[in-house]
Structure formats: C-alpha cells, structure tokens
**Q** 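I have a structure I would like to understand better, so I am pasting it below and will then ask my questions one at a time.
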Amino acid sequence: MAEKVKTVRGFRDLVGEEARKYRFVVDTARKVLERYNFEEVILPTVEYAKLFARSIGEATDVVEKEMFVFTDKGGREVALRPEGTAGAVRAFIENKLYADGTYKKLFYEGPMFRHERPQRGRYREFHQIGAEVFGTANPVADAELVGLADEILKTLGVEARLEINSLGCKKCRPRYREALLRYLREHEEELCEDCRRRLERNPLRVLDCKVEGCRRVAQEAPKITDYLCEECKTHHEKVKEYLSALGVEFTENPYLVRGLDYYTKTVFEFVSPELGKTVLAGGRYDYLVEELGGPPTPALGFAAGVERLMLLLKELPPRPPLVVVIPFGGEEVKREALKVARLLRKEGVRTELSYREGKIKKQFEFADKIGADFALVVGEDELKSGLYTLKDLRRREQERLPFEEVVRRLKEASS
RNA sequence: GCGGUGGUAGCUCAGCCGGUAGAGCAGGGGACUGUGGAUCCCCGGGUCGCGGGUUCGAGUCCCGUCCACCGCCCCA
C-alpha cells in the first residue's frame, strides 16, 4: 500500500456522531441567537496579522506564540484567525455598519486556529460560535448578552458556573495597575518564575495564576473592584442587578482577568466543573472599534468553544426512523423499488434503498446492521398483489399493506 | 514550549529473563432456498507507529522521531 497521508497535528476529522454533535451545538446556538435578533456574519479565516496584534495585544500568548502566521505572495504577513472578535470588529468598520446610528448585533461561527499543544478539548483548529454587540454602553446589553449565553448553555443541557468581574476603563485601570504592581513588587520573591516574568508585561495575569504561593499573594492583593471609577462602578453594579433580575446566577471573581488586552469593564466566563475548563467567555471592549480605525463605539461580545461543548453533551436528539427498501427479485422489482424509495423520500421519510443483491436473509442483515427501524420488501409477490411487506424491525412484526398505508404509517413514525 | 504515559489485527487489549505474534469482539461464508440481533462450524486478515543501533536473533533492550492522551503554560 502507498504511504498514508494523515491529518496535520491538532487538526481532525469530525466523523459520524462527532459531526452530528458539532451540528447540534452550532444549530442550537444559532436558533437561540436568532431569537435574540442577532444576525449572522460570515467572516474570512485569514486576516492581516497586524489586525490580531493590534486588537488582542502584542504581548499576549495568543499573538506572541500561538498564531499561524505566514507571508503571502505579495510579501504581506497574514494569519489564520486565532479568535473571532478582531475580524468581526474589522468587518463592522469596513462595512460601515455604524452608519444608521443604531446598534448592531452580529454572530459568527467557524474554525479558529492556535498553534498550541493539543489535548482533550483543545485543538489547533477548533471552532467557536461568537456574538458581538456594537454601539451600546448600556449595562442592560451586558446583562442580556450574559443571559443569552446562559440560555444557549441551558438549551444544550450543559452545566457551567458563571463568574464575572469588571476590568475598569482608561480612567481607572491604570490606577489599579499601579497599585497592584506596587503590591506585587513587594512580594516578588513569593511569586513563581512565570509570574515574575509577567510582572512588568501583564501584572493582572498574576491574579489567576494557579501556583500556591502566587495564590496566597493574590488573596491579599488590591482588588480592582475597589479601584473602579464612578462610571465603571455603577456600570458593574447595574450589570449584576440586571442579571439577578433575569434570574441568572453568578459569582463575582475579582481575579478573573482574561488573556486578551482589549477588554474593559465587564468580563465573564462560564466554566464547566466537569471539564475544569472555560466553555464560553467574553466581555466588553469599549475602545477596540476606535483603536482599529472606526468611530468610537462601545461594544461587547462572547465566544463559545464548540469542541468543549461537544464534550459535555449528554445526549443527541435521535435521528428520524430509517426504512430500508429491499428489492427482491428481477429487473422489474429493481425499477419498482427505485420509484418506491423516491416517493418515500418525497414524503419526508428517511429511506435507504438496498444495493445488496442475493439472499433476502442478507438483505435483512444489512438493514439490521445499518440500524434501520423498518424494512419494506418490494418483491415479485408485492408487484403482483400491490400489497407491500412492511416490517417493524424493532417489534419484529410485519404486515402486507397497500402503498398508501405504508406511506401513512412511515410518515406517522417520522413525525 | 515543558513534564508524564502510551502506540501490536477494523476495535479493545495480552505478549514473561530477547527465541521470529495471540485472544475477545467486529468482518466474510455456511448450518438455514422470501425474513435480521441467539447458537454452532469454517475463513480471511499484522511492514508490532516510523527510522537507526545492540545482538546469532528485537514486538520485547537502547537512541532518535512522529502521533495520541494526561498535566503545566495559555485559552474557547
């Protein structure tokens, strides 16, 4: 045999049940999003690399070491998108979606790419379904967006606990950063190696380090919520108030910081206790549109990890019942079976026409093997009498029925 | 990127101190000439992940490499 070509590391096929799970997650999320009047945008997978550097942040891990970057034939640096928000913002600006002066609610879905070590629930090509709201600073939007996320997870039957925090704005975050940095410097020798490195670059990250010593230091660290300016504080209080009004349960986590630079004010994460991983996360990014060359536009959004949600699905909705049409006999029978199968499909019945030849026993074995619920025998006797043999393979009972009755029964079973 | 575990039949795995590969399930055929999940009989199937080394001889030992999984970092 010739050499087998395999998938690239971290890339994979979704086959059979995996494909159905993927579809179920995406379709379910889409239905909820459409009920909230979000509109789909279909975005490119490749963007100029600088888009991500400027939005996510030069110094973040995602940009620094996880992007698939390459040079195109014109010598431009392009990248496979590592997340969806940057592209959505770029599209919002490029298509001038701000022009009518209202706010815009968009969603997208598709593959993202990060060059990381693959493991369970983490692949180099993974999929996200994301939602973005452009053009409102109203905390009602924050609460409703989180509520929407909550509804998607509940509809999927996925359990996750919600954590929220506020990261402040241009006015208050620098003040907090200074205070935190001062505090962390005093305790530098208690921090792990990684965190000492983080100190200058991204001191907020130290707060959610899992190393014992760092956690102790973080416990006593100044909390951002104590440093919020009036506007941010009010915003944060309102978001919590509205969430409670919606009946969405949450816990406040002052150490929740997120790894991307563009966040302001509200940030949130839904964490699955079963996976020990975040399945959906997002927040507000009030300066990003402006920073990417658009008009000043407050905005917020989230992204859900499709693969992670797939791992948490308890059950898939069943496929509709399957009938196998079994031709038994000569050419005339095959012609009839072709027509019969087509008519059944036209009536909405999931139908497989058996291409097997030979003993009828083999035909039934085939029907059984592919998981059929019914077998419909089209043989010489059926042609003569006009009565078709319909067998319920689960109950192991069969009847000879006129075609109209066969259709009626199968349609009923399919509904 | 770092650490750990593992790759043997389609699948799950066994294979001892190195002596040239096995089980169960799955698959194909039959017992059973228009009826499937049970039973019995028969059968096919393997570059032991890949490359190199040690050895008279390597699935087994050594080195490298690829891949998967788990943890770390990070993240959806």
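FYI, side chains are in, hydrogens and waters are out, and symmetry mates aren't considered; it's all heavy atoms of this structure. A, B, ... follow the sequence lines: proteins, then strands. Residue 1 opens every chain.
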**Q** Specify whether Y183(A) and H187(A) have parallel, tilted or perpendicular ring planes, treating 30° as the upper limit for parallel and 60° as the lower limit for perpendicular.
**A** tilted

**Q** Could you check whether the side chain of Q363(A) and the base of U35(B) have a donor-acceptor pair of N or O atoms closer than 3.5 Å, going by distance alone?
**A** no

**Q** Across the strands shown, which category fits E397(A) at heavy-atom distances under 4.0 angstrom: base, sugar-phosphate, nothing?
**A**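 Touches nothing.
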
**Q** Is a salt bridge present between E382(A) and R400(A), judged by a nitrogen-to-oxygen distance below 4.0 Å?
**A**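 Yes, charged N to carboxylate O under 4.0 Å.
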
**Q** Provide the Watson-Crick or G-U wobble partner of C32(B), both distances under 3.5 Å; none if there is no partner.
**A**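 By the stated definition (distances under 3.5 Å), nothing pairs with C32(B).
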
**Q** Can you see if the side chain of K362(A) gets near the phosphate of G28(B) - specifically, an N or O under 4.0 Å from OP1 or OP2?
**A**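 So the side-chain polar atoms of K362(A) never come under 4.0 Å of the phosphate oxygens OP1 or OP2 of G28(B).
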
**Q** When the C1' atoms of A58(B) and G49(B) are compared, how many Å lie between them, rounded to an integer?
**A**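 Result for the C1' pair: 16 Å, nearest Å.
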
**Q** Could you check whether R120(A) gets within reach of a base, just the sugar-phosphate, or nothing at all, counting any heavy atom under 4.0 Å?
**A** sugar-phosphate

**Q** Quick one: do the E163(A) and Y255(A) side chains pair a donor with an acceptor below 3.5 Å?
**A** no

**Q** Indicate, with a heavy-atom threshold strictly under 4.0 Å, whether R394(A) touches base, sugar-phosphate, or nothing.
**A**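 Result for R394(A) = base.
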
**Q** Taking side chain to side chain contact (heavy atoms under 4.5 Å, CB included) as the definition, give me every residue that meets it alongside Y227(A), ordered by chain and number, with sequence neighbours left out.
**A** Y176(A), A179(A), P222(A)

**Q** Under 4.0 Å from OP1 or OP2 of C67(B): is there any side-chain N or O of R9(A) that close?
**A** yes

**Q** Quick one: the side chain of E382(A) and the base of G34(B), do they pair up donor-acceptor inside 3.5 Å?
**A**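 Such a pair is found, so the answer is yes.
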
